[in-house]
S.K.: 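Okay, here's the structure, questions in a sec.
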Amino acid sequence: MSDLYLNDEEQAMLQGAQGPGVQRAMEIVATLGRIYGAPDLAPITHAQIAGVSYKNIGDAGVAFLSQWADDGGRVRVSTMLNPMGMEEARWQEMGIAEAFAKPQLKAISAFSKLGVQQTLSCVPYLLPESGLRMGDHVAWAESSAVAFGNSILALRTNREGGPSALAAAIVGRTARYGYHLDEGRRANWIIEIACPVRSIADFGALGYLIGKQVGNGCLWFSDLGAWLPPLPADVTSGGAAGDRLKTLGAALAGYGAVALYHIAGYTPEAAALGESLIQAGARRLRIESLAPAYAVMDANPEVSAIDLVTIGCPHASLSEIQTVAEAVRGQHLATRLWVTTGRLIRQRAEAAGWVQDIEGAGGLVVADTCAVVAPIKQLGIKSMATNAGKMACYAPAHSGVTMRFGELEQCIHAALSGQWLEAP
Ligand code: F3S
C-alpha cells in the first residue's frame, strides 16, 4: 500500500464529518487508491454505475443500496445508471414477473434517493445530457462505455466496479492511477488489420479476435482508420463510425478487458500525439481473417427458428434505430424484435416516428434494459439472433439461449420471417 495524499476536505470525509454515507464512499475510494498506488485523488465530472439489474445484484445488493441511501449518501456529480432488468414503464407488457419487478423498482428507487439519474443506459456518451468534455476525469463502470469514452472522447477513466463508481460519485473524486495518468494511456500492443472490416457485425468479430489475445492491453491500431468513415464532431447520434466503434469497444472489453485503444490518425489522442503513444517493446498482432470469430460467435449453426431478434448492444443509437425502422416500416414481424436503448434516446426516436415504425410492425423499442440483464429465460426465449458481438457471447452465458450472430440484414430477415438466413 502506498501513501495517498488526501486534502483537508477529503480527510474530513474519511473521518465521518459529512455523515456515514460519505464516509463509506471515501473509505472505498481511498482504499482503492492505496491498493493501486495512486498519489492522490482526481476530481471527476461524471460517473456511470453498473450492477443495476436485480438479476445481478439480488436481494443483498438492493439492501446494500437502500442502506447507503438511508445513511445520507448523495452523489455530487452528474451520475447515470446502466440498464436494469426491465423497462420501468412496460414491465408487465414485457412479461416480467412481479417477484422480479418489485425488488428491481426498489433498487432504482434507492439509486434515485442517492441522486443518480435514471438514464438506465450503457451509452452515456450518446446522451448530450452527459455534458462530457474531452480530457475529463470520470468514473464509469460499464466496460463498453469505458472503452468508448477513453478511446473516442479522450475521457480518463478506469473500469470502476458498481460500488466504486457510486463511491466516486458521492465524494466527487476517484483514485488517480491507471488510465487517469498519461503513462497508463500508452499502447503496449500494435494491431494490424489485413482483412476487410465492413459492418457492425465485422467490428464485433474483430473485437472478439483481438480481445481474446490481448487481455487488458492498450492498443494501437495502425491501419483500422481505413475501414472507418470519418468521426463526426458530435458522436451522440451514433452514425456509421460511432455505431461500429461502440460495438468494437464492447467486444474488446467483453472478450478481453481492453479499456483504451488508439487508431492512428483517427482517435483524438492518436491524432494529437502520434506514435509517441506506443510503448517501447510493444507486442504486435496481425488479423488476417474474421472467419475464426464468426465460427465461434455464430455458435449454433443448426438453429434456424428464432424466438427473439435483438439489436442494440451497446444500446442502440438514433442512427441504428432509424435503420431498423426503415427496414420494417409497414411490415409484419414473424417473431419478437427488441431494439434496446436508453429512455432518452427512445424519446428522440419516438419524436422522429421511428419507434412507431418498429412497434407498428410488431417489434418493441425497449428502454432501460437489454437481453443480457433482463430475465430472458423466464420469458420463454430459447433462441436469439443479433448483430452485436458482445451480445453474441453474453446472452448464451447469462441466459442459456442459443445464438445466431451475423449482419443486420440477416437479423431483419429473421425478425420478418422467424428464420435465420445463412450469409451468402
Ligand atoms: Fe449494454 Fe446490455 Fe450490451 S448493458 S453493452 S446492451 S449487454
Side-chain angles (χ1 to χ4, degrees), residues 48-57 80-88 94 104 107-108 111 118-127 140-152 159-162 165 200-201 203-204 207-208 211 238 242-259 297 308-317 320-321 324 337-346 364-377 379 381 384-401 403 405 408 411:
Q48 193 259 0
I49 297 168
V52 183
S53 173
Y54 177 63
K55 180 176 167 182
N56 298 330
I57 63 176
M80 296 181 165
L81 277 184
N82 224 28
M84 63 170 168
M86 62 190 201
E87 180 171 329
E88 185 177 14
M94 290 173 70
Q104 180 64 86
I108 61 159
F111 278 121
Q118 310 283 295
T119 49
L120 297 156
S121 178
C122 48
V123 291
Y125 48 87
L126 295 184
L127 304 179
W140 284 5
E142 162 56 36
S143 64
S144 63
V146 167
F148 193 101
N150 271 330
S151 309
I152 309 303
R159 182 181 174 185
E160 301 275 356
I200 289 176
F203 273 79
Y208 168 86
D243 294 342
R244 285 162 174 73
L245 291 166
K246 81 178 165 69
T247 203
L248 172 68
L252 287 170
Y255 294 107
V258 173
M297 296 165 81
L308 171 67
V309 177
T310 178
I311 307 293
C313 171
H315 267 174
S317 67
E320 284 177 298
I321 297 173
V324 176
L337 167 67
W338 284 10
V339 181
T340 51
T341 192
R343 54 176 66 179
L344 295 172
I345 297 172
R346 188 184 189 281
L364 282 178
V365 180
V366 181
D368 305 341
T369 189
C370 78
V372 166
V373 293
I376 287 291
K377 225 176 184 172
L379 302 181
I381 291 164
M384 282 175 49
T386 189
N387 68 336
K390 178 176 174 182
M391 179 66 65
C393 158
Y394 275 54
H398 285 245
S399 304
V401 293
M403 178 62 77
F405 168 70
L408 178 64
C411 293

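Ligands are counted one by one from 1 in listed order, and the atoms in each one are counted from 1 as well. Everything numeric here is computed off the predicted structure, so don't read it as measured data.
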S.K.: Hey, which atoms in ligand 1 end up nearer than 4.0 Å to a heavy atom of Cys313?
M.R.: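 Those qualifying, in numeric order: 3 (Fe), 5 (S), 6 (S), 7 (S).
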S.K.: Which heavy atom of the protein is the closest neighbour of atom 5 (S) of ligand 1, given with residue, atom name and distance?
M.R.: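 Its nearest protein heavy-atom neighbour is Lys390 NZ, 3.4 Å.
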S.K.: At a 4.0 Å threshold, what atoms of ligand 1 neighbour a non-hydrogen atom of Pro83?
M.R.: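 Heavy-atom distances to Pro83 below 4.0 Å select 4 (S).
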S.K.: Any idea which atoms of ligand 1 are less than 4.0 Å away from a heavy-atom of Cys122?
M.R.: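 Heavy-atom distances to Cys122 below 4.0 Å select 1 (Fe), 4 (S), 5 (S), 6 (S).
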S.K.: For ligand 1, which atoms, with element, lie under 4.0 Å from some heavy atom of Cys370?
M.R.: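 Once the distances to Cys370 are compared, the set is 2 (Fe), 4 (S), 6 (S), 7 (S).
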S.K.: Does the Thr247 side chain pair with the main chain of Phe203, one donor and one acceptor, at a distance under 3.5 Å?
M.R.: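 Answer holds: no.
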S.K.: Could you measure the distance from the NZ atom of Lys390 to the SG atom of Cys122? Nearest 0.5 Å is fine.
M.R.: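 Lys390 NZ to Cys122 SG: 6.5 Å, rounded to 0.5 Å.
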S.K.: Could you tell me, atom by atom, which parts of ligand 1 come under 4.0 Å of a heavy atom of Val372?
M.R.: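 Listed by number with element: 7 (S).
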S.K.: Please check if the side chain of Thr119 supplies one atom and the backbone of Leu81 the other of a donor-acceptor pair under 3.5 Å.
M.R.: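 Between the backbone of Leu81 and the side chain of Thr119 there is a qualifying donor-acceptor contact (under 3.5 Å).
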S.K.: Give a yes/no verdict on whether any heavy atom in Ser144 is under 4.0 Å from an atom of ligand 1.
M.R.: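 Under 4.0 Å: yes for Ser144.
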S.K.: Taking all non-hydrogen atoms of both residues into account, name the closest pair between Ile57 and Val52 and its distance.
M.R.: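 The answer is CD1-O, 3.9 Å.
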S.K.: Show, in sequence, the C-alpha distance, side-chain angles and deciding distance for Lys55 and Ser399, and conclude whether the side chain to side chain donor-acceptor pair (under 3.5 Å) test is met.
M.R.: CA-CA 11 Å; Lys55 180 176 167 182; Ser399 304; 3.2 Å; yes
S.K.: Which of the numbered atoms in ligand 1 are below 4.0 angstrom from a heavy atom of Pro314?
M.R.: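 Atoms satisfying the 4.0 Å criterion: 5 (S).
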S.K.: Examine the side chains of His315 and Thr340 and answer whether a donor and an acceptor come within less than 3.5 Å of each other.
M.R.: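 The criterion, which ignores hydrogens and geometry beyond distance, is not satisfied for Thr340 and His315.
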S.K.: Using the ring of each side chain (for Trp, its six-membered ring), is Tyr255 parallel, tilted or perpendicular to Tyr208, with breaks at 30° and 60°?
M.R.: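 Judged by the thresholds at 30° and 60°, the geometry between Tyr255 and Tyr208 is perpendicular.
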S.K.: Mark the output for Gly312 as yes if a heavy-atom distance to ligand 1 is under 4.0 Å, and as no if none is.
M.R.: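 A heavy atom of Gly312 does come that close to ligand 1.
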S.K.: Is atom 3 (Fe) of ligand 1 less than 2.8 Å from at least one N/O/S atom of His315?
M.R.: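 Of the N, O and S atoms in His315, none lies under 2.8 Å from atom 3 (Fe) of ligand 1, which means no.
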S.K.: With Glu88 as reference, evaluate Gln104, Arg343, Gln118 under the side-chain hydrogen bond (donor to acceptor under 3.5 Å, both in side chains) test and give the passing residue.
M.R.: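 Result for side-chain hydrogen bond (donor to acceptor under 3.5 Å, both in side chains) with Glu88: Arg343.
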S.K.: Should you measure from each heavy atom of Glu142, which atoms of ligand 1 turn up under 4.0 Å away?
M.R.: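 In order of numbering, the contacting atoms are 5 (S).
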